[in-house]
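One structure is given here, and the rest of the page talks about it.
Worth knowing before you read on, the calculation uses all heavy atoms, side chains too, and leaves out hydrogens, waters and symmetry mates. The first residue of the sequence shown is numbered 1, and numbering continues consecutively from there.
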Amino acid sequence: MSEILVLVEQVDGAVKKVTLELLTLARSLGTPAAVWAGPGITDDAKARLAEYGAEKIYVAGSDDVVDYVVAPKAELLAKLVADTSPAAVLVAATAEGKEVAGRLAVKTDSGVITDAVGLSEGFVADQSIFGGGVNVHSKVSKGTPIVAVRPNSTAPEAAAASGTVEEVSLSLSEGARAARIVDRVKQEKGARPELTEAAIVVSGGRGVGSADNFAIIEGLADALGAAVGASRAATDAGWYPHQFQVGQTGKTVSPQLYIAAGISGAIQHRAGMQTAKTIIAINKDPEAPIFELADYGVVGDLHQVVPQLTEEIKKRK
Ligand SMILES: Cc1cc2nc3c(=O)[nH]c(=O)nc-3n(C[C@H](O)[C@H](O)[C@H](O)COP(=O)(O)OP(=O)(O)OC[C@H]3O[C@@H](n4cnc5c(N)ncnc54)[C@H](O)[C@@H]3O)c2cc1C
């Protein structure tokens, strides 16, 4: 079977969950080959990639690959596409992943699909478009299919492979060296998972009522090991930081479970969350549009429902 290249996402040498998802997806369509961009690959990382099905691990370990903004990753993938003629290239549909995908498409004269939430035989991607109003199946018709897949689209499943390491040397073009990273500041990270990658997201909206009341939402999120999200009404009111806004002008999430508390379900909010596998809405208005979308709904005051739910979950742990 032909190779499918998977660009590895990692933090401090630890492989991110989305990469394990992509390897799982790649395995259903061909032979996964992980692509590690930059120095710092550890034995643990190699073992993890092999555990999830990477037959080969291409390692471009030079500092250059990570010293310049995204362009080197696109050049690395373009070189591998030219050298190995893979059946497809998969990247995570993160901001960086999508930019790499776009640049790679230009370099290889190929088609690109972004924000896929599924991928099946023949590299047919599932996408939710027009603000989430329409689901389409799309396929690249030119060159090597390049697909950016949203985190949480596939459940990662281990299936051991050989994980043979192959070093790749890359000489960057002048263009790829145009924007150099001069400093890196580590983001303070709380104990909660990253919003766009979390398997469970608990979001609060205007119905939460105040910044202090967001403690109720955080309490439920922590009981579930979830990330916290917010509607724009809540972030605009200053109740929760803007980086946690979910929706058309915020983050797009695709978790296994999305709990919307005190959120009406405006189209712009839906655009960022409606590919969640299961949606639970808690709203005091039985006519709220979010109930049209929800798999389960609770009509009630979130200030009563959410703390009770949190207590019940804690009891079961
Ligand atoms: C160009 C553009 C881009 C936008 N981008 C985004 C975006 O990215 N994300 C986003 O979220 N919005 C976005 N919006 C805004 C969007 O249109 C809505 O205004 C916003 O989503 C509403 O947020 P909300 O549901 O929290 O508030 P509301 O619509 O006011 O709904 C609050 C809900 O809480 C319920 N409620 C109130 N009190 C309680 C209680 N005690 N218990 C239970 N339920 C209660 C109410 O019944 C109501 O349904 C955008 C708008 C525009 C024009």
Side-chain angles (χ1 to χ4, degrees), residues 3-16 18-19 22-23 26 32-46 48-49 54 56-116 140 142-151 164-189 194 196-197 243 251:
E3 232 170 50
I4 297 176
L5 301 180
V6 170
L7 181 62
V8 176
E9 296 251 341
Q10 51 98 10
V11 178
D12 298 334
V15 177
K16 289 176 97 176
V18 64
T19 299
L22 296 186
L23 288 171
V35 180
W36 184 282
I41 188 164
T42 59
D43 287 343
D44 278 355
K46 288 178 200 163
R48 194 104 172 113
L49 295 169
K56 223 178 257 176
I57 305 170
Y58 292 108
V59 179
S62 110
D63 284 331
D64 265 8
V65 180
V66 287
D67 277 354
Y68 300 90
V69 186
V70 300
K73 289 183 179 167
E75 289 204 350
L76 167 62
L77 288 172
K79 174 181 164 57
L80 287 170
V81 167
D83 292 353
T84 68
S85 306
V89 180
L90 306 187
V91 301
T94 55
E96 183 181 277
K98 286 191 269 191
E99 187 172 342
V100 170
R103 286 170 179 262
L104 177 64
V106 173
K107 287 178 188 303
T108 58
D109 199 18
S110 299
V112 59
I113 291 172
T114 58
D115 288 314
V140 165
K142 188 180 182 198
T144 306
I146 298 161
V147 188
V149 184
R150 279 190 188 164
T164 310
V165 173
E166 201 170 299
E167 305 287 340
V168 182
S169 69
L170 182 71
S171 52
L172 289 183
S173 69
E174 272 309 300
R177 294 172 193 270
R180 189 166 201 278
I181 296 168
V182 291
D183 195 14
R184 285 188 168 88
V185 180
K186 230 178 175 172
Q187 191 184 3
E188 286 299 322
K189 218 176 159 292
E194 211 279 312
T196 55
E197 291 170 12
Q243 80 228 48
K251 300 263 168 69

With [X], which residues qualify under side-chain hydrogen bond (donor to acceptor under 3.5 Å, both in side chains), at least two apart?
{"X": "Asp109", "answer": "Lys142"}
{"X": "Glu99", "answer": "Arg103"}
{"X": "Arg48", "answer": "none"}
{"X": "Lys98", "answer": "Asp115"}

Can you give me the closest heavy-atom contact between [X] and [Y], atom names plus distance?
{"X": "Ala45", "Y": "Gly13", "result": "CB-O, 3.5 Å"}
{"X": "Glu197", "Y": "Lys16", "result": "OE2-NZ, 2.9 Å"}
{"X": "Leu23", "Y": "Ala54", "result": "CD2-CB, 4.2 Å"}
{"X": "Ala60", "Y": "Val65", "result": "O-CG2, 3.8 Å"}
{"X": "Val91", "Y": "Gly97", "result": "CG2-O, 3.5 Å"}
{"X": "Trp36", "Y": "Leu76", "result": "O-CD2, 4.3 Å"}

Decide yes or no for [X] and [Y]: does some side-chain heavy atom of the first lie under 4.5 Å from some side-chain heavy atom of the second?
{"X": "Ile146", "Y": "Val140", "answer": "no"}
{"X": "Ile57", "Y": "Lys46", "answer": "yes"}
{"X": "Leu7", "Y": "Leu5", "answer": "no"}
{"X": "Thr144", "Y": "Val89", "answer": "yes"}
{"X": "Thr108", "Y": "Leu77", "answer": "no"}
{"X": "Val165", "Y": "Ile41", "answer": "no"}
{"X": "Val149", "Y": "Leu22", "answer": "yes"}

Distance in Å, Thr19 OG1 paired with Leu90 CG, rounded so as to fall on 0.5 Å steps: 10.5 Å
Stepwise side-chain hydrogen bond (donor to acceptor under 3.5 Å, both in side chains) check, Glu75 with Tyr68: CA-CA 11 Å; Glu75 289 204 350; Tyr68 300 90; over 6 Å; no
Evaluation steps, side-chain hydrogen bond (donor to acceptor under 3.5 Å, both in side chains), between Glu167 and Ser169: CA-CA 7 Å; Glu167 305 287 340; Ser169 69; over 6 Å; no
What pairs of donor and acceptor atoms, side-chain ones from residues 174-185 against any protein atom, are under 3.5 angstrom apart with sequence neighbours left out?
| residue | atom | partner | partner atom | Å |
| --- | --- | --- | --- | --- |
| Arg177 | NH1 | Asp64 | OD2 | 3.3 |
| Arg177 | NH2 | Asp64 | OD2 | 3.2 |
| Arg184 | NH2 | Val66 | O | 2.6 |

Main-chain N/O of Ala148 paired with Thr114 side-chain donor or acceptor, under 3.5 Å: no
Stepwise side chain to side chain contact (heavy atoms under 4.5 Å, CB included) check, Lys186 with Asp12: CA-CA 11 Å; Lys186 230 178 175 172; Asp12 298 334; 3.0 Å; yes
Inter- and intrachain pairs under salt bridge (charged side-chain N to carboxylate O under 4.0 Å, His left out), touching residues 79-88, at least two apart: Lys79-Asp83
Trace of the side chain to side chain contact (heavy atoms under 4.5 Å, CB included) decision for Leu104 with Val112: CA-CA 9 Å; Leu104 177 64; Val112 59; over 6 Å; no
Lys73 and Glu96 ion-paired at < 4.0 Å: yes
